[in-house]
Visitor: 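Got a structure here, written out as structure tokens. Questions coming.
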Amino acid sequence: MNMMSEAAVEKALDQKMNTVPFKMIGKDVSVYYGEKRALFDVNLNVRENTVTALIGPSGCGKSTFLRTLNRMNDTIDSCRVTGKITLDDGDIYDPSIDVVELRARVGMVFQKPNPFPKSIYENVTYGPKIHGLARTKAELDQVVESSLQKAGLWNEVKDRLHESGTGLSGGQQQRLCIARAVAVSPEVILMDEPCSALDPIATAKVEELIHELRTNYTIVIVTHSMQQAARVSQRTAMFHLGNLVEENDTDKMFTNPDDQRTQDYIMGRFG
Ligand SMILES: Nc1ncnc2c1ncn2[C@@H]1O[C@H](COP(=O)(O)OP(=O)(O)O)[C@@H](O)[C@H]1O
Ligand SMILES: [Mg+2]
């Protein structure tokens, strides 16, 4: 006798998700570009081995929040971040933090595939070399094969590892960028609209990959596609005008969100 109503099953799943530990905690995160405030006291936590999707209308602060998670905003002169963000228990804005090391732990994949104008092999070995994770040819060969395997690209490129990464198709280039991120054994992978420059078939491949990567990595993905958020994520956070409107189980967000603004956005009423 184990008959649970659909609602009860959903609740149980929610509770299960609610027991997943936080990998990153964002507390009262605000971001300013000069005088302009782009984020308002955002409290958003990222669960381990979970795909968290950031959605919301253009300009609402999704990329800005994503970039706070590996201090990518440090590269923008006018940008100032307040609040606190932790990775495991460490404050990533603590002055003692080595930002290069942080970005190895929290990797990033950008909107437009951006392989280096070098060989496929060198694209993957670049990170492990500078971080001293692999030195000998055997170690480098190993990291190239395993990273390309994880990115679902090995079979397509194994016979042309020494050809240029920029000669690949758009979808392959993006998977190469994922291989490059994975090569330094990150714990968290940030993706900012990783499929927006890809065709539907390449998009489907990357989505499938995100699904697989979740087993070993914590993933935060910005997407303007609600279908994509629904397909790839377990948690969804909705932003509007620099505020976090709601963060919830993805199924709940798309069926029965708590906030009217989420409802409106999902119904296509704005954005
Ligand atoms: N480098 C920047 N300099 C100044 N303003 C910026 C910069 N990047 C983003 N902004 C502003 O911050 C707000 C949030 O932008 P962004 O995080 O890119 O939104 P989204 O990714 O949701 O489209 C927008 O008003 C945008 O114009
Ligand atoms: Mg953006």
Side-chain angles (χ1 to χ4, degrees), residues 24 26-46 51-85 92-93 99 102-103 106-114 170 173-174 177-178 181 188-198 202-203 206-207 210 218-233 235-248 250 253-254 257 259-271:
M24 298 192 78
K27 193 163 177 356
D28 297 329
V29 178
S30 293
V31 176
Y32 304 79
Y33 295 104
E35 297 289 287
K36 187 192 150 59
R37 190 170 183 182
L39 283 182
F40 297 82
D41 298 318
V42 171
N43 288 289
L44 178 56
N45 303 335
V46 173
V51 180
T52 301
L54 311 183
I55 65 168
S58 179
C60 67
K62 304 179 295 295
S63 298
T64 297
F65 182 77
L66 191 76
R67 290 195 301 257
T68 64
L69 299 176
N70 70 347
R71 295 185 50 176
M72 229 35 206
N73 289 319
D74 288 16
T75 62
I76 302 168
D77 278 340
S78 69
C79 188
R80 186 163 63 85
V81 178
T82 63
K84 184 170 179 180
I85 297 178
I92 66 167
Y93 284 84
V99 180
L102 171 68
R103 293 190 191 132
V106 185
M108 190 148 190
V109 175
F110 298 87
Q111 192 162 350
K112 208 166 156 280
N114 59 348
Q173 287 187 26
Q174 196 59 307
C177 293
I178 293 171
V188 181
I189 304 176
L190 310 177
M191 300 185 172
D192 196 347
E193 305 203 22
C195 301
S196 64
L198 308 184
T203 295
V206 171
E207 287 184 1
I210 291 169
T218 298
I219 296 173
V220 186
I221 178 173
V222 169
T223 176
H224 63 256
S225 158
M226 280 171 288
Q227 289 82 354
Q228 180 165 76
R231 283 193 299 263
V232 304
S233 74
R235 298 288 292 188
T236 298
M238 157 85 191
F239 286 76
H240 185 233
L241 300 174
N243 294 289
L244 175 66
V245 166
E246 177 174 0
E247 189 255 349
N248 232 318
T250 295
M253 286 291 272
F254 288 98
D259 195 285
Q260 185 63 41
R261 289 166 292 178
T262 311
Q263 182 90 38
D264 288 348
Y265 182 65
I266 285 164
M267 301 296 278
R269 292 202 190 97
F270 65 86

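First listed ligand is number 1; within each ligand, the first listed atom is number 1. Throughout, residue positions are numbered sequentially from 1 according to the sequence presented.
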Visitor: With nothing but distance in play, are any N or O atoms of Cys60 less than 3.5 Å from an N or O of ligand 1?
Guide: yes
Visitor: At what distance is the nearest protein heavy atom to atom 10 (N) of ligand 1, and which residue and atom is it?
Guide: Tyr33 CE1, 3.3 Å
Visitor: Taking C-beta and beyond as the side chain, do Asp192 and Met72 meet within less than 4.5 Å on heavy atoms?
Guide: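 The answer is no; the side chains never approach within 4.5 Å.
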Visitor: Of all the atoms in ligand 1, which lie at a distance below 4.0 Å from a heavy atom belonging to Ser58?
Guide: 23 (O)
Visitor: Are any of the N or O atoms of Lys36 closer than 3.5 Å to those of ligand 1?
Guide: yes
Visitor: Under 4.0 Å, heavy-atom basis, I'd like to know which part of Ala38 is in contact with ligand 1: side chain, backbone, both or neither.
Guide: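 Side chain only.
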Visitor: Got an N/O contact under 3.5 Å between Ile76 and ligand 1?
Guide: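 Between Ile76 and ligand 1, no N or O pair is found under 3.5 Å apart.
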Visitor: Looking at CG of Leu190 and CZ of Arg103, how far apart are the two atoms once the value is rounded to the nearest 0.5 Å?
Guide: 11.0 Å
Visitor: At a threshold of 2.8 Å, where the distance has to be below it, does the Mg ion (ligand 2) have an N, O or S atom of Thr64 nearby?
Guide: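 Under 2.8 Å: Thr64 has no N, O or S contact with the Mg ion (ligand 2).
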Visitor: Between Ile85, Asn70, Val99, Thr68, which is the residue that forms a side-chain contact (heavy atoms from CB on, under 4.5 Å) with Ile92?
Guide: Ile85
Visitor: Using a 4.0 Å cut-off to any heavy atom of Thr64, which atoms of ligand 1 qualify?
Guide: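 Once the distances to Thr64 are compared, the set is 14 (C), 15 (O), 16 (P), 17 (O).
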Visitor: Could you find the nearest protein heavy atom to atom 18 (O) of ligand 1 and give me its residue, atom name and distance?
Guide: Ser63 CB, 3.9 Å
Visitor: About how many Å separate CD1 of Ile55 and OG1 of Thr250, when rounded to the nearest 0.5 Å?
Guide: 8.5 Å
Visitor: Got Asn248 and Thr236 here, is their nearest side-chain heavy-atom distance under 4.5 Å?
Guide: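 Contact flag for Asn248/Thr236 side chains = no.
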Visitor: Hey, are the side chains of Tyr33 and Asn73 touching, using non-hydrogen atoms and a 4.5 Å cut-off?
Guide: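 A side-chain contact under 4.5 Å exists here.
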Visitor: Return the minimal non-hydrogen interatomic distance between Thr52 and Ser233, and the atom names on each side.
Guide: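 In this case the closest contact between Thr52 and Ser233 is C-CB, 4.4 Å.
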Visitor: Compute the minimum heavy-atom distance from Gly59 to ligand 1 and say whether it is under 4.0 Å.
Guide: yes
